[in-house]
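Report on the following structure.
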Amino acid sequence: MNGKKIRVLIVDDSALIRNVMTEILSQDPEIEVVGTAPDPYVARDKMKALNPDVLTLDVEMPKMDGLTFLQKIMAARPMPVVMVSSLTEQGAATTLQALEAGAVDFVTKPTVDVQHGLSDLAHQIISKVKIAAQASVKRRTPPADCTERIKALAAQSAMIKTTDTIIAIGASTGGTEALRELLEVLPPNTPPIIMTQHMPEQFTKSFANRLNELCQIHVKEAREGDSVMPGQALLAPGNYHMELRRSGARYYVSLNQEPQVNRFRPSVDVMFRSVARYAGGNSLGVILTGMGNDGAAGMLEMKQAGAFNFAQDEASCVVFGMPKEAIKAGGVDKILPLNDIPAAMLAHLKMVAPR
């Protein structure tokens, strides 16, 4: 923020949560809480008066819910927003809609003992507000009709022979929308996909189900021992590392709760390293938008094992951290805008002879 403090406006109908969030964010010398608001109507006036850099926004509020307010913000004055959501199935579904609408990220508040629960998440809350302040937020437009692109990719993929090629995709901040945009145009005969998105365990199943509704390929939250098959994408479940394994000609995934790697579980590095080990040159890596360096070391191992790797370019990323670090480490073969990655993946797979 060029030496300036990150100016934050907290919007929540609970006075307790407004106070706790203010205390947490005020601990960091780089953050200044410029105000709080109990509902979107007060928030709208304070946004005009205080010009905050980041908004924290409760999902569930009276008068106007957080999702509706977010949609209005993104249409009129796009800015970084971190949603505050409950750890429930309904909270997960609404939060995913918020990410689709343009929220940068979200934090989850516990259902009991909110004050202590939020305090335990202080590091995460501060970190996500700082990441949001650096995010590239654009005015949202409705998702384009992908019919023609799907038809073109289906025709382009008709000659794919490498059905045993594994596509491994890693993402973090901004990744839920990036994954949607990438996956929804892929044809049904796309080679097997495994993917890791940094996300809590209550949210990955809802996210996988949402993708499955939108895509021609089958998308599901991975379970221990799931086979890795063409026309299917497996998403690492929250709080579990996901690794590729091979038994004879069969690829499958294995889940574990080993310690966090790069502060994450699931970790992209863990997945990429297993792909390097078990699939080697029969793999293709993709690293998408996200903060930090998770995936950089693993992607380099994939390249050294013979994989071909893509990175999302800076202009199309919400946060360019993970792709940037992977490029810097030397693991990336091609840097492309998000919209160009699906076609480039399939074009590359045509050129790879089966082994």
Side-chain angles (χ1 to χ4, degrees), residues 6-14 17-18 21-22 25 31 33-109 118 121 124-125 127-144 172-181 197-200 202-203 206-207 210-211 214 289 291 317-319:
I6 299 165
R7 297 165 55 81
V8 180
L9 177 65
I10 296 165
V11 187
D12 199 297
D13 64 311
S14 163
I17 290 180
R18 292 197 303 273
M21 290 284 286
T22 299
L25 292 172
I31 295 173
V33 177
V34 293
T36 65
D39 63 61
Y41 295 98
V42 175
R44 183 183 56 195
D45 294 336
K46 291 201 173 185
M47 285 168 68
K48 292 176 185 174
L50 301 169
N51 195 29
D53 302 307
V54 178
L55 213 65
T56 71
L57 179 59
D58 186 22
V59 169
E60 298 166 359
M61 289 183 294
K63 298 187 181 178
M64 184 194 300
D65 65 86
L67 181 58
T68 302
F69 186 45
L70 174 71
Q71 290 165 338
K72 291 178 181 295
I73 292 169
M74 291 303 161
R77 183 191 185 276
M79 66 175 293
V81 176
V82 176
M83 303 302 290
V84 179
S85 165
S86 59
L87 275 170
T88 63
E89 192 170 325
Q90 180 56 43
T94 307
T95 301
L96 289 171
Q97 288 179 276
L99 294 171
E100 287 180 17
V104 173
D105 209 338
F106 65 96
V107 294
T108 53
K109 59 186 175 188
L118 281 175
L121 296 171
Q124 183 188 126
I125 293 167
S127 173
K128 291 195 174 189
V129 165
K130 286 182 166 183
I131 291 168
Q134 300 175 46
S136 172
V137 179
K138 305 175 183 70
R139 182 170 272 103
R140 301 304 294 224
T141 54
S172 188
T173 312
T176 54
E177 277 304 278
L179 282 168
R180 177 189 64 76
E181 290 180 35
Q197 160 75 43
H198 298 151
M199 188 175 262
Q202 286 86 350
F203 287 73
S206 293
F207 179 46
R210 174 66 179 148
L211 289 174
L214 297 170
T289 174
M291 177 59 81
C317 279
V318 173
V319 180

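For the single chain, residues carry numbers from 1 onward in sequence order.
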### Validation row: V84, L57 side chains within 4.5 angstrom (heavy atoms)
no
### Task
Working to the nearest 0.5 Å, report the span between OG1 of T176 and CG of L99.
4.0 Å
### Query
How far does OG1 of T56 sit from CZ of F106, to the nearest 0.5 angstrom?
15.0 Å
### Query
Going by heavy atoms in the side chains, are L67 and V59 under 4.5 Å from each other?
no
### Query
Are K72 and M64 close enough that some pair of their side-chain heavy atoms sits under 4.5 Å apart?
yes
#### Entry: Closest approach of L50 to G35 (non-hydrogen atoms, all atoms of both residues)
CD1-CA, 4.2 Å
## Note on the structure
Here the gap from Q97 atom CD to S206 atom OG, rounded to the nearest 0.5 Å, amounts to 10.5 Å
### Task
Test I125 against L25 for side chain to side chain contact (heavy atoms under 4.5 Å, CB included), laying out the working first.
CA-CA 8 Å; I125 293 167; L25 292 172; 3.9 Å; yes
### Task
Find out whether R180 and L211 are in side-chain contact, i.e. whether some heavy atom of one side chain is under 4.5 Å from a heavy atom of the other.
yes
### Message
Do E100 and R210 have side chains that approach each other closer than 4.5 Å (heavy atoms only, starting at C-beta)?
### Response
yes
### Message
What's the separation between atom OG in S85 and atom CG in D58, rounded to the nearest 0.5 Å?
### Response
8.5 Å
### Message
I'd like to know if the side chain of K128 reaches the main chain of V107, judged simply by a donor and an acceptor atom lying under 3.5 Å from each other, with no hydrogens or angles considered.
### Response
no
### Task
Flag the pair P80 / Q134 as yes when at least one side-chain heavy-atom distance between them is below 4.5 Å, and no otherwise.
no
### Query
Is there a donor-acceptor pair under 3.5 Å between the side chain of R18 and the backbone N or O of I10?
no
### Query
Any side-chain heavy atom of S136 sitting closer than 4.5 Å to one from V318?
no
#### Entry: Exam field: side chain D53 to backbone R7, donor-acceptor pair closer than 3.5 Å
yes
### Query
Atom CD in E60, atom CE in M83: separation rounded to 0.5 Å?
10.0 Å
### Task
Would you please test T36 and D12 for side chain to side chain contact (heavy atoms under 4.5 Å, CB included) and show each step?
CA-CA 8 Å; T36 65; D12 199 297; over 6 Å; no
### Message
Any side-chain to backbone donor/acceptor pair from T289 onto V319? Under 3.5 Å, distance only.
### Response
yes
